[in-house]
K.L.:
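Please read through the structure below; I'll follow up with questions.
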Amino acid sequence: MSENESSASSNFIRKIIAGDLQQNLNEGRVHTRFPPEPNGYLHIGHAKSICLNFGLAKEYDGLCNLRFDDTNPEKEETEFVESIKQDVHWLGFDWQDREYYASDYFEQLYQFAVELIKKDKAYVDSLNADEIREYRGTLTQPGKESPHRNRSVDENLLMFKDMRAGKIEEGECVLRAKIDMSSPNINMRDPIIYRVRKAAHHRTGDSWCIYPMYDFTHCLSDAIESITHSVCTLEFEDHRALYDWVIDNLETPSRPRQYEFARLNLDYTVLSKRKLIELVKDKYVSGWDDPRMLTIAGIRRRGYTPAAIRDFCDRIGVTKSDTRIDMSVLENSLREDLDKSAPRVMAVLKPLKVVIENYPEDSEEELDAANHPQKPEMGTRKVPFSRTIFIEQDDFMEDAPKKFFRLAPGKEVRLRYAYFITCQEVIKDEQTGEIKELRCSYDPATRGGNAPDGRKVKGTLHWVSEKHALKSEVRLYDRLYTEANPEEGGRDSKEFLNPASIEILKDARVEPFLQNAKAEDRFQFERLGYFVADKEDWSPQSPVFNRAVTLRDTWGKLNKK
RNA sequence: UGGGGUGUAGCCAAGCUGGUUAAGGCACGGGGUUUUGAUCCCCGGAUUCCCAGGUUCGAGUCCUGGCACCCCAGCCA
């Protein structure tokens with residue numbers, strides 16, 4: 001990670017830590033963890049948590065563990081742990097040898113449960129799922145105690161052992177903490193801490209048929225790993241009482257504390273795991289790494305950089321108010337990063353043929369182009385020029401408004417790094433009226449783009465030589481949804497999928513310099529945006545570029561009005 | 001009608017124990033530079049901090065009472 005990245009602004013968690021450090025709590029240690037469940041791919045919301053947790057550890061000279069919260073064998077898969085590890089690394093964070101799994105603690109967790117039973121603070125309940133729900137009460141009515149709540153410690157011990165031994169079927173029994181069925185906090189109404197699941201686990205296989213629940217597992221995993229600050233999202237706020245209850249009622253090796261912050265919401269997308277899984281499973285997108293997805297894998301393939309994502313996470317802040325961030329913040333972080341680093345290059349997305357009539361028929365030449373006009377140290381390259389070139393269709397208008405600086409009949413523009421040309425004639429299809437090509441003249445004295453007589457030209461166009469250009473596929477991406485908040489009001493977000501979220505251009509042309517690009521190389525296509533050689537589909541024989549983000553476009557904005 | 005949270009410009013977000021002109025970013029508008037209508041550089045915005053009362057010489061910061069929004073009734077995490 002580069003050192004000059006702006007250090008994140010102050011937030012309430014930093015203040016808590018600073019206060020703890022002042023009181024020398026936890027022997028002055030700061031130890032956090034990032035605890036994903038391996039049941040899907042990581043997304044930009046996880047990036048916020050990753051940056052926070054690893055960032056806190058780094059800032060306070062502490063440690064951050066990677067811990068897989070894998071207590072539900074039915075949803076978790078090895079594929080997901082691999083992708084998660086890859087994504088965290090790609091984002092620029094390292095957990096060194098501290099790669100942990102809640103499933104590694106199953107035996108310890110079991111012993112903790114036994115300890116709770118022995119203290120008469122947990123019991124085996126034989127109510128079925130429906131009954132437990134009924135007994136739980138509602139938001140406004142207290143629950144009722146289970147008839148099995150007062151089983152003896154010995155009986156509970158025996159039954160719990162039977163659960164572990166596989167003698168009890170799924171749904172027959174659960175282990176519950178004995179807390180308070182009338183608590184206004186529903187989490188405290190004798191929460192289930194163990195259930196029977198006769199399912200193979202991605203790591204422990206068939207060695208267990210009972211699995212601990214999140215509320216029991218998470219706090220104890222934190223305690224086992226000596227986590228000092230256990231940072232999670234707001235929906236767990238109500239669970240903190242239970243977190244503390246478990247820790248307080250057991251002899252744990254350490255005393256972690258839970259703090260909650262607001263999860264990330266972004267306009268024009270969804271970030272709930274359920275929704276993302278649905279998009280993938282029902283093939284609304286091409287996969288977890290579809291460039292329209294806000295998964296880490298997706299935005300990576302889209303062309304985002306780890307630095308841009310980290311910068312974004314710094315900018316949005318960490319608070320407890322639930323908010324929606326404007327997409328432009330994310331886009332701006334990428335533009336800012338790529339503006340500094342991406343080599344500039346010319347590409348024509350929707351080609352319009354231009355014949356320069358007074359340019360010698362069989363002649364061609366190479367012009368010098370800067371790889372980054374603001375950074376001479378990035379060098380120059382040669383761009384081939386010839387009598388027939390392509391320009392962007394959008395750069396020509398037959399009836400141009402006054403403010404249109406580009407090419408129009410009789411108008412003169414500059415071809416970047418080449419010559420001034422003037423449009424002499426428009427050739428159209430006689431049937432359809434479609435513009436087929438332009439006949440232009442050039443001024444040989446303007447080679448390189450400057451007129452010796454000092455005459456100015458308003459517009460500069462990018463172009464590509466017909467016979468030298470590489471044919472390329474270019475994929476243009478736009479927001480996945482047409483509504484800023486597609487989930488608002490319990491609506492079905494699928495109704496708002498943007499039908500124009502992807503546009504595939506098969507006839508784009510790029511300058512030959514791009515022949516040597518490699519997958520994931522990023523470029524600025526001048527005047528168009530930042531593009532990346534597709535991670536999966538790029539090859540020198542058939543180049544494929546994805547548009548990561550457009551350039552700011554004040555002309556386009558003006559036009560929309 | 002229970003509990004837990006949150007409310008500072010269009011969107012985020014600083015604002016320590018109350019004290020001169022309420023940071024900063026994105027977006028937006030205006031101007032300058034420019035062989036990318038990009039970048040870069042200036043300049044602009046809250047008499048006001050959800051509302052209403054109150055305490056105080058003084059409140060976004062304290063008190064009281066409202067209002068709005070979010071989360072919680074999985075043997076998911």
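Below, chain A is the first sequence line, B the second, and so on; all start at residue 1. Note that the coordinates shown come from a computational prediction; the quantities given were computed from them, not determined experimentally.
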K.L.:
For G74(B), what is the paired nucleotide under Watson-Crick or G-U wobble rules, both distances under 3.5 Å?
P.N.:
none

K.L.:
Is there a side-chain polar atom (N or O) of R414(A) under 4.0 Å from OP1 or OP2 of U36(B)?
P.N.:
no

K.L.:
Return the nearest nucleotide to the side chain of V174(A); candidates are G2(B), C26(B), C75(B).
P.N.:
C75(B)

K.L.:
Send over the distance from D190(A) CG to C72(B) C1', rounded to a whole Å.
P.N.:
17 Å

K.L.:
If you check the M213(A) side chain, which of G37(B), C76(B), U36(B) turns out closest?
P.N.:
C76(B)

K.L.:
Would you mind pulling out the nucleotide paired to A68(B), Watson-Crick or G-U wobble, both distances under 3.5 Å?
P.N.:
U6(B)

K.L.:
Can you list, in residue-number order, the parts of residues 368-381 of chain A that come under 4.0 Å of RNA chain B, counting heavy atoms only?
P.N.:
P373(A), Q374(A)

K.L.:
Any idea which of C12(B), U6(B), C76(B) is nearest the I316(A) side chain?
P.N.:
C12(B)

K.L.:
From the list C28(B), A77(B), C26(B), which nucleotide is the closest neighbour of the side chain of K557(A)?
P.N.:
C28(B)

K.L.:
Quick one: is R315(A) getting a side-chain N or O under 4.0 Å of the C11(B) phosphate, OP1 or OP2?
P.N.:
no

K.L.:
Can you tell which of U36(B), G37(B), A77(B) lies closest to the side chain of Q524(A)?
P.N.:
U36(B)

K.L.:
Both distances below 3.5 Å, Watson-Crick or wobble geometry, any strand: find the nucleotide opposite G44(B).
P.N.:
C28(B)

K.L.:
Compute both the distance and the angle, then confirm whether R197(A) meets the cation-pi test with Y211(A): under 6.0 Å from the six-membered ring centre, within 45 degrees of the axis.
P.N.:
no

K.L.:
Picking from U36(B), U39(B), C72(B), which would you name as closest to the side chain of L139(A)?
P.N.:
C72(B)

K.L.:
Taking OP1 and OP2 of G15(B), is either one under 4.0 Å from a side-chain nitrogen or oxygen of K15(A)?
P.N.:
yes

K.L.:
Identify which nucleotide among A27(B), A14(B), G37(B) has an atom closest to any side-chain atom of S328(A), counting heavy atoms from C-beta outward.
P.N.:
A27(B)

K.L.:
How would you list, by chain and number, every residue that makes a salt bridge (Lys or Arg N to Asp or Glu O under 4.0 Å) with D69(A), sequence neighbours excluded?
P.N.:
none

K.L.:
Verify the contact: side-chain N or O of R335(A) to OP1 or OP2 of A38(B), cut-off strictly under 4.0 Å; return yes or no.
P.N.:
no

K.L.:
For A13(B), take OP1 and OP2 only and decide whether either is under 4.0 Å from a side-chain N or O of R324(A).
P.N.:
no

K.L.:
Quick check: any donor-acceptor pair below 3.5 Å linking the side-chain of R406(A) to the base of G37(B)?
P.N.:
yes

K.L.:
N187(A) or Q141(A): which one's nearest nucleotide on RNA chain B is closer to the 5' end?
P.N.:
Q141(A)

K.L.:
Check whether any side-chain N or O of T319(A) sits under 4.0 Å from OP1 or OP2 of A13(B), and answer yes or no.
P.N.:
yes

K.L.:
Between I186(A) and K75(A), which residue's closest nucleotide on RNA chain B lies nearer the 5′ terminus?
P.N.:
I186(A)

K.L.:
Could you tell me if the ring centre of F531(A) sits under 6.0 Å from that of F545(A)?
P.N.:
no

K.L.:
With ring centroids as reference points, do F106(A) and H201(A) lie under 6.0 angstrom apart?
P.N.:
yes

K.L.:
Taking the side chain of N185(A) as heavy atoms from C-beta outward, which of G74(B), C70(B), G3(B) is closest to it?
P.N.:
G3(B)

K.L.:
Among C75(B), G15(B), A77(B), which nucleotide sits nearest the side chain of S10(A)?
P.N.:
G15(B)

K.L.:
Is any side-chain nitrogen or oxygen of T71(A) closer than 4.0 Å to OP1 or OP2 of A77(B)?
P.N.:
yes

K.L.:
Residues from residues 235-245 of chain A sitting under 4.0 Å of RNA chain B, heavy atoms only?
P.N.:
E235(A), F236(A), E237(A), D238(A), H239(A)

